[in-house]
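All figures in this text were calculated on a predicted structure; none of them were measured in a lab. Nothing fancy with the numbering, it's 1 onward along the sequence. Order of appearance sets the numbers: ligands from 1, and atoms from 1 within every ligand.
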Amino acid sequence: MNIDFSDIEQFKTLFAEPRRVVIVSHTNPDGDAIGSSLALAEVLRMRGHETTCIVPNRFPYYLEWIPRAKEMLVYRFDAEQAKATIDCADVIICADMNNLSRLEELSEAIASNTTAKRLLIDHHLNPGEGFDLVFSHPESSSTAFLVYSILSQAFGTQIIDRTIATQLYVGIITDTGNFAFSHLTPELFRAVAVLVEAGIDIPTIYNNIYNSFTEGRARLFGYAINRKMKTLLKGTVAYISLTEEELRRYWFQQGDSEGFVNYPLTVKKMRMSAMFTQQHDFIRVSLRSRGNIDVDTFARRYFNGGGHRNAAGGKSFMTMDETIRHYIAAVEEYHAEGKV
Ligand code: 5GP
Ligand code: MN
């Protein structure tokens with residue numbers, strides 16, 4: 001990965017003296033958000049800095065085993081402590097997010113600290129303004145791999161112990177679909193070799209993430225695919241919707257529906273997939289696509305969101321029926337423009 005030498009120098013200079021560091025990541029944190037935040041925190045802590053990781057809301061139960069994940073502050077549960085820590089911070093790192101708006105209710109607390117140096121370390125498109133140092137690399141398959149690249153260039157690979165390697169590996173596999181998506185470069189596999197040398201246990205990490213769900217999740221998945229997957233444009237575009245009532249029926253826990261949106265793309269002719277999951281006050285929209293079909297633009301245009309070309313998300317404040325109608329009209333418009 002081509003990281004500016006001068007940015008690495010600035011990173012080293014910033015951390016040449018002890019700092020109070022807050023690391024934040026996006027709402028509905030995933031494996032990459034958690035893994036890259038924790039690995040940054042671990043390295044900086046080892047180098048004598050005070051570090052605290054804060055996420056806006058809870059992360060899925062199958063990520064709780066990640067080393068030090070339980071020490072993260074969840075703003076929705078611990079706002080006072082989080083605010084106090086943020087107020088004292090002299091460096092704020094935003095990891096795996098392109099914009100403060102991705103922090104939702106946590107964004108105000110971050111905005112209120114006007115003196116801290118702000119770093120952005122991210123692989124989403126369209127990085128936001130107002131950062132003192134920006135590592136924005138959409139060509140990186142995960143933020144964890146970007147964090148690996150920064151840390152190894154700044155401090156050398158010997159800084160990466162088993163704990164850090166495990167945290168980074170979680171981010172790498174969750175964002176690449178266990179090495180199945182795009183941007184799989186030789187450098188990535190060289191990085192993984194270093195993580196293996198540091199002693200990571202690949203089968204255990206895999207099992208901890210992908211074979212650790214509840215029975216309700218398995219049954220909800222069957223229901224979602226069998227009963228709720230609908231198709232458009234001659235079976236080339238799909239969508240799945242899940243209401244709060246349906247989620248409750250299968251003892252839904254946060255994180256249970258992650259990954260469902262990928263499944264329609266296992267059908268050979270499918271080009272794009274969407275999932276609408278009802279939350280308390282809005283509908284969460286998840287989008288996936290194959291090849292050149294750009295769901296980042298689709299999410300920005302129709303659902304106030306964004307992400308990557310083949311994986312993006314957004315929100316709808318309409319009812320479920322209206323959201324589905326809006327999606328169908330959007331797909332037709334996109335199709336008429338030759339974009340799907
Ligand atoms: P997911 O469907 O897994 O929630 O998200 C897929 C990708 O889209 C992730 O990279 C995520 O950060 C991004 N994303 C999800 N929801 C939103 C959103 O509301 N706004 C923006 N800008 N990006 C989102
Ligand atoms: Mn990511």
Side-chain angles (χ1 to χ4, degrees), residues 23-40 55-60 63 94-107 120-128 135-149 167-178 181-183 188 209 238-242 254-265 272-279 281-289 294-317 323 327:
I23 301 166
V24 293
S25 197
H26 61 79
T27 307
N28 298 325
D30 55 13
D32 193 30
I34 303 292
S36 53
S37 298
L38 288 172
L40 271 168
V55 284
N57 63 342
R58 252 172 78 178
F59 48 87
L63 299 177
C94 296
D96 197 38
M97 50 179 265
N98 57 354
N99 203 297
L100 286 189
S101 66
R102 296 283 286 126
L103 294 170
E104 301 197 350
E105 61 252 56
L106 171 57
S107 65
L120 182 72
I121 301 181
D122 183 44
H123 70 140
H124 293 89
L125 299 161
N126 308 306
F135 294 92
S136 170
H137 289 265
E139 79 281 11
S140 181
S141 52
S142 61
T143 297
F145 175 48
L146 174 58
V147 166
Y148 169 90
S149 308
Q167 293 159 337
L168 291 173
Y169 190 72
V170 169
I172 289 171
I173 63 169
T174 52
D175 261 33
T176 61
N178 209 25
F181 303 154
S182 55
H183 307 296
L188 173 68
I209 296 175
Y239 64 93
I240 298 169
S241 63
L242 291 169
Q254 198 192 328
D256 273 351
S257 59
E258 296 309 310
F260 288 11
V261 65
N262 295 306
Y263 204 79
L265 290 172
M272 177 171 153
S273 168
M275 192 166 74
F276 308 109
T277 321
Q278 199 167 39
Q279 320 250 302
D281 38 10
F282 62 91
I283 290 170
R284 186 175 155 206
V285 180
S286 268
L287 297 154
R288 299 290 185 273
S289 66
D294 176 3
V295 287
D296 166 58
T297 302
F298 188 92
R300 277 187 286 127
R301 208 202 266 185
Y302 301 107
F303 289 106
N304 301 306
H308 313 280
R309 190 177 62 182
N310 296 131
K315 280 179 174 178
S316 162
F317 296 93
T323 302
Y327 174 69

Starting from [atom], locate the nearest protein heavy atom and write down its residue, its atom name and how far away it is, to 0.1 Å.
{"atom": "atom 7 (C) of ligand 1", "value": "A311 O, 3.5 Å"}
{"atom": "atom 10 (O) of ligand 1", "value": "H124 NE2, 2.8 Å"}
{"atom": "atom 2 (O) of ligand 1", "value": "S286 OG, 2.5 Å"}

How are the rings of F145 and Y148 set relative to one another: parallel (under 30°), tilted (30 to 60°) or perpendicular (over 60°)?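 Judged by the thresholds at 30° and 60°, the geometry between F145 and Y148 is parallel.
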Nearest non-hydrogen atom to [atom] belongs to which of [options]?
{"atom": "atom 13 (C) of ligand 1", "options": "P29, G306, G314", "result": "G306"}
{"atom": "atom 5 (O) of ligand 1", "options": "G307, A33, A312", "result": "A312"}
{"atom": "atom 11 (C) of ligand 1", "options": "R300, R102, H26", "result": "R102"}

What do you reckon, is OH of Y263 surrounded by more than 12 foreign heavy atoms closer than 6.0 Å?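 Not more than 12 within 6.0 Å, no.
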Is the number of heavy atoms from other residues, nucleotides or ligands within 6.0 Å of CZ (R58) greater than 12?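 It does not: R58 CZ has 12 such atoms or fewer within range.
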Closest non-hydrogen atom pair between [X] and [Y], with its separation:
{"X": "H123", "Y": "H137", "value": "CB-O, 3.2 Å"}
{"X": "V170", "Y": "G31", "value": "CG1-O, 3.8 Å"}
{"X": "I240", "Y": "P264", "value": "CD1-CG, 4.0 Å"}

Test item: side-chain donor near acceptor, S289 and N310, under 3.5 Å: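 There is such a pair between these side chains.
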Pairing donors with acceptors under 3.5 angstrom, does anything connect the side chains of S36 and T143?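 No - no donor-acceptor pair under 3.5 Å links their side chains.
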Test of proximity, [X] against ligand 1: N or O pairs below 3.5 Å:
{"X": "G313", "value": "yes"}
{"X": "E258", "value": "no"}
{"X": "N304", "value": "no"}

Please check if the side chain of [X] supplies one atom and the backbone of [Y] the other of a donor-acceptor pair under 3.5 Å.
{"X": "D32", "Y": "S142", "answer": "no"}
{"X": "D122", "Y": "A95", "answer": "no"}
{"X": "N57", "Y": "N28", "answer": "yes"}

For ligand 1, which part of K315 has a heavy atom less than 4.0 Å away: the side chain, the backbone, both, or neither?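 For K315, there is no contact with ligand 1 at all, from either part.
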Looking at ligand 1, does R284 have a heavy atom less than 4.0 Å from it?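 Contact present.
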Can R288 be said to touch ligand 1, with heavy atoms closer than 4.0 Å?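 Under 4.0 Å: yes for R288.
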Output field: ring centroids F276/Y327 closer than 6.0 Å: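 So the answer is yes for these two rings.
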State the atoms of ligand 1, each with its element, that fall below the 4.0 Å cut-off from a heavy-atom position in H308.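 Reading through ligand 1 atom by atom, the close ones are 10 (O).
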How many protein N, O or S atoms sit closer than 2.8 Å to the Mn ion (ligand 2)?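 For the Mn ion (ligand 2), the figure is 4.
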